[in-house]
Amino acid sequence: MEKYIIANWKMNPDDLVKAKSLLASVEIGLTDNDKKVVICPPVIFLRDLRQIVNKCQLGAQNAYFEKQGAFTGEISVGMLKDAGCDYVILGHSERRQYFGEADGAVNKKVLAVLASGMRPVVCLGEQERQAENIGEILKKQLTTILSGVAKQKLKEVVLVYEPIWAISTTPNSQPCLPDDALTVYLFLRKMLIQTYGQGAADKISILYGGSVGAKNAADYIQISQFNGFLVGSASLKSEEFIKIVKI
Ligand code: 13P
């Protein structure tokens, strides 16, 4: 499987000048070997950033599954591709919490993104720390969001485990212990193997997200075995983000 560091800028920074400057300062710290660094800015900045991006790839933070039509405020997968996207984050917990997205809609988006040739970066994770039924929650999410994905397409899916209670902007957030994250990593891998078989399941990248910074990135890679990160707040600080990439 491939290794990724994906920056989710969320609704930041607040203007294009700052967005260009942030991208430029990230790229200064990268080498040509840092290939799978994906920057997901607010969609309005995509076309301008495409003009200056050099070492990173670009992604969006959401997409709609219909091709075009009367869907006010939405942006289709084809439009994102046209704007220079290679990746689309789907099912982020903030989309679920603030915009009512459910697993069924996320699944339709996953299928639409795969059909377009871009890669979906699909998030799942439980709401509360030490939820008793975490296995059931994750199994249900995983089964629904990947429903209908053909075995040979699986390698194009990037899966992200983001426990919501560990996201830095969640009130009273707490970091997920690397050993606990390892348990979830192994659980997700096992479920993928059971569903798709070892060969196909081994090709899917599983990333971790939730308060990842330069201080804890090595633990999540070495102890928890994840294949990279989806980084929120720390991706807005170029020096720290570069350190995470190097780790
Ligand atoms: P933080 O890295 O700020 O915890 O955000 C995680 C996240 O939501 C990335 O999508």
Side-chain angles (χ1 to χ4, degrees), residues 3-14 19 22-23 26 36-43 45-46 56-63 80 85-99 101 103 106 109-110 113 118-129 137-138 141-142 145 157-178 180-181 184-185 188 205-221 224 226-247:
K3 297 209 162 109
Y4 292 95
I5 305 293
I6 303 182
N8 179 7
W9 285 2
K10 307 192 179 183
M11 204 170 74
N12 300 291
D14 60 1
L22 177 56
L23 177 62
V26 166
K36 294 286 177 190
V37 178
V38 181
I39 306 290
C40 302
V43 73
F45 300 148
L46 270 171
C56 302
Q57 291 176 290
L58 292 175
Q61 301 170 16
N62 184 31
L80 291 174
C85 272
D86 292 307
Y87 297 81
V88 186
I89 299 172
L90 296 172
H92 191 278
S93 61
E94 286 146 23
R95 299 284 327 158
R96 295 168 186 266
Q97 183 184 351
Y98 300 123
F99 305 101
E101 263 187 38
D103 291 331
V106 176
K109 295 179 178 196
V110 169
V113 169
M118 295 189 291
R119 294 189 169 200
V121 178
V122 201
C123 305
L124 76 174
E126 76 283 6
Q127 184 79 42
E128 283 165 29
R129 187 159 190 238
I137 296 169
L138 296 178
Q141 287 183 350
L142 189 67
I145 58 185
V157 175
V158 181
L159 207 59
V160 187
Y161 172 56
E162 274 208 336
I164 297 164
W165 49 269
I167 293 177
S168 67
T169 45
T170 300
N172 307 317
S173 78
Q174 298 171 34
C176 179
L177 298 176
D180 292 343
V184 173
Y185 176 85
L188 293 172
S205 305
I206 308 180
L207 315 189
Y208 176 76
S211 298
V212 172
K215 288 203 178 108
N216 59 15
D219 286 345
Y220 288 120
I221 297 287
S224 318
F226 282 91
N227 315 124
F229 300 119
L230 181 60
V231 186
S233 305
S235 72
L236 300 170
K237 301 172 207 147
S238 54
E239 275 183 30
E240 174 146 29
F241 185 66
I242 291 162
K243 278 187 197 159
I244 297 169
V245 174
K246 299 298 173 193
I247 288 165

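Whatever order the structure lists ligands and atoms in, that order sets their numbers, starting from 1. Each residue takes its place number in the sequence, starting with 1.
- The aromatic rings of Y161 and F226 lie parallel to each other, their planes meeting at an angle below 30°, with 60° marking the opposite boundary.
- Taking each heavy atom of I244 and V231 in turn, the nearest pair found is CD1-CG1, 4.1 Å.
- Near L230, meaning under 4.0 Å from any of its heavy atoms, are these atoms of ligand 1: 9 (C), 10 (O).
- Of the protein's non-hydrogen atoms, S168 OG, 3.4 Å is the one closest to atom 1 (P) of ligand 1.
- Looking at atom 2 (O) of ligand 1, its nearest protein heavy atom turns out to be G232 N, 2.9 Å.
- Below 3.5 Å of separation, one finds no N or O of G209 facing any N or O of ligand 1.
- Judged by the shortest distance from any of its heavy atoms, A234 lies outside the 4.0 Å radius around the atoms of ligand 1.
- Of the heavy atoms in I167, both backbone and side-chain atoms come closer than 4.0 Å to ligand 1.
- V157 places a side-chain heavy atom less than 4.5 Å from the side chain of V122.
- Counting the atoms of ligand 1 from 1 in the order shown, those under 4.0 Å from a heavy atom of N8 are 9 (C), 10 (O).
- Counted by atom type alone, Q61 and W9 present zero donor-acceptor pairs between their side chains at under 3.5 Å.
- For the pair T169 and ligand 1, the shortest N or O to N or O distance does not fall below 3.5 Å.
- Of the N and O atoms on the side chains of S233 and S168, at least one donor lies less than 3.5 Å from an acceptor on the other residue.
- Side-chain contact between N8 and S235 is absent, with no heavy atoms from C-beta onward closer than 4.5 Å.
- Close contacts of ligand 1 with S233, meaning ligand atoms under 4.0 Å from a residue heavy atom, involve 1 (P), 2 (O), 3 (O).
- No side-chain heavy atom of S238 sits under 4.5 Å from any side-chain heavy atom of F241.
- The shortest contact between atom 7 (C) of ligand 1 and any protein heavy atom is with E162 OE2, 2.8 Å.
- Ion pair R96/E101 not flagged as a salt bridge, since none of the NZ, NE, NH1 or NH2 atoms sits closer than 4.0 Å to an Asp/Glu carboxylate oxygen.
- Look at S211 and you'll find a heavy atom under 4.0 Å from some atom of ligand 1.
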